[in-house]
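A quick note: this is a predicted structure, and the numbers were derived from the prediction, not measured.
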Amino acid sequence: MRRRQFIGLAGAAAVWPFAARAQAQAMPVIGFLHAGSAEENTRRLDAFRKGLAAAGVVEGRNVAIEYRWASGKNQDLPAMAADLIRKPVVMIVTPGSTAAAVAAKAATSTVPIVFSSGTDPVALGLVASLNRPGGNATGITSLNA
């Protein structure tokens, strides 16, 4: 399975419990936070949406997604993360954006965060350890030498 497909499926798996409850409640909102722009991340967005759809979660039908793109202005990420928390969102997804994951983690200790990163998440303070992440953040990391 390719990495982007796995990220999409991981996001879908994390959202599934919220989507199941959405039938009786208002539509849940997922926060999508990224340091880049939508234009340069079309493949990542496609994989994310396909992963959600594979789990029966479809944007606009049983989940809403609030997108925040910093377009290279990482200094804007903390305010964007805080804005998503105020919405309120049921979770924040930061696929392939380490800076966004760090901003989301700084913004909340209760809202679940799903990340993917090529940097050590323990060193960044996203998780306590790789085998027992604890807290509200979980994700995928690719540690290479």
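Of the possible polar contacts, none joining the Ser142 side chain to the Gly118 backbone as a donor-acceptor pair under 3.5 Å is found. With hydrogens and angles ignored, the 3.5 Å screen pairs no side-chain donor or acceptor of Thr110 with any backbone N or O of Asn136.
At least one side-chain heavy atom of Val122 sits under 4.5 Å from a side-chain heavy atom of Leu130. Between Phe115 and Val127 there is a side-chain heavy-atom pair separated by less than 4.5 Å. With a 4.5 Å cut-off on side-chain heavy atoms, Ile113 and Thr108 count as touching. Side-chain contact check for Asn62 versus Val57: some heavy-atom pair is nearer than 4.5 Å.
Side-chain heavy atoms closer than 4.5 Å link hydrophobic residues (I, L, V, M, F, W, Y) into clusters, and following such links, even through other members, never connects Phe32 to Met80. Ile92 is not connected to Ile65 by any chain of hydrophobic side-chain contacts under 4.5 Å among Ile, Leu, Val, Met, Phe, Trp and Tyr, and they are in different clusters. Note: the hydrophobic cluster containing Val93 also contains Trp69 (ILVMFWY, side chain heavy atoms under 4.5 Å, direct or indirect links). Grouping the Ile, Leu, Val, Met, Phe, Trp and Tyr side chains by contacts below 4.5 angstrom, directly or via other members, places Leu45 with Met91. Connection of Val114 to Tyr67 is established within a shared hydrophobic cluster, with ILVMFWY side chains joined at heavy-atom distances below 4.5 Å, either directly or through further cluster members.
Of the N and O atoms on the side chains of Ser117 and Thr98, at least one donor lies less than 3.5 Å from an acceptor on the other residue.
Across all non-hydrogen atoms, the minimal contact from Gly125 to Lys105 is O-CE, 3.9 Å. The shortest heavy-atom contact between Ala103 and Ala81 is O-CB, 3.8 Å. Counting all heavy atoms, side chain and backbone alike, Asn74 lies closest to Ala35 at OD1-CB, 3.3 Å. When every heavy atom of Val29 is checked against every heavy atom of Pro88, the shortest pair comes out as CB-O, 4.1 Å. Scanning all heavy atoms of the two residues, the minimum distance from His34 to Leu77 falls at O-CD2, 3.8 Å.
One finds the CG atom of Leu84 at 11.5 Å from the CD1 atom of Ile30 (value rounded to the nearest 0.5 Å). Atom-to-atom distance recorded for Glu66:CD and Asp83:CG is 7.5 Å, nearest 0.5 angstrom.
Using a 4.0 Å cut-off between charged nitrogen and carboxylate oxygen, Arg43 and Asp46 do not count as a salt-bridge pair.
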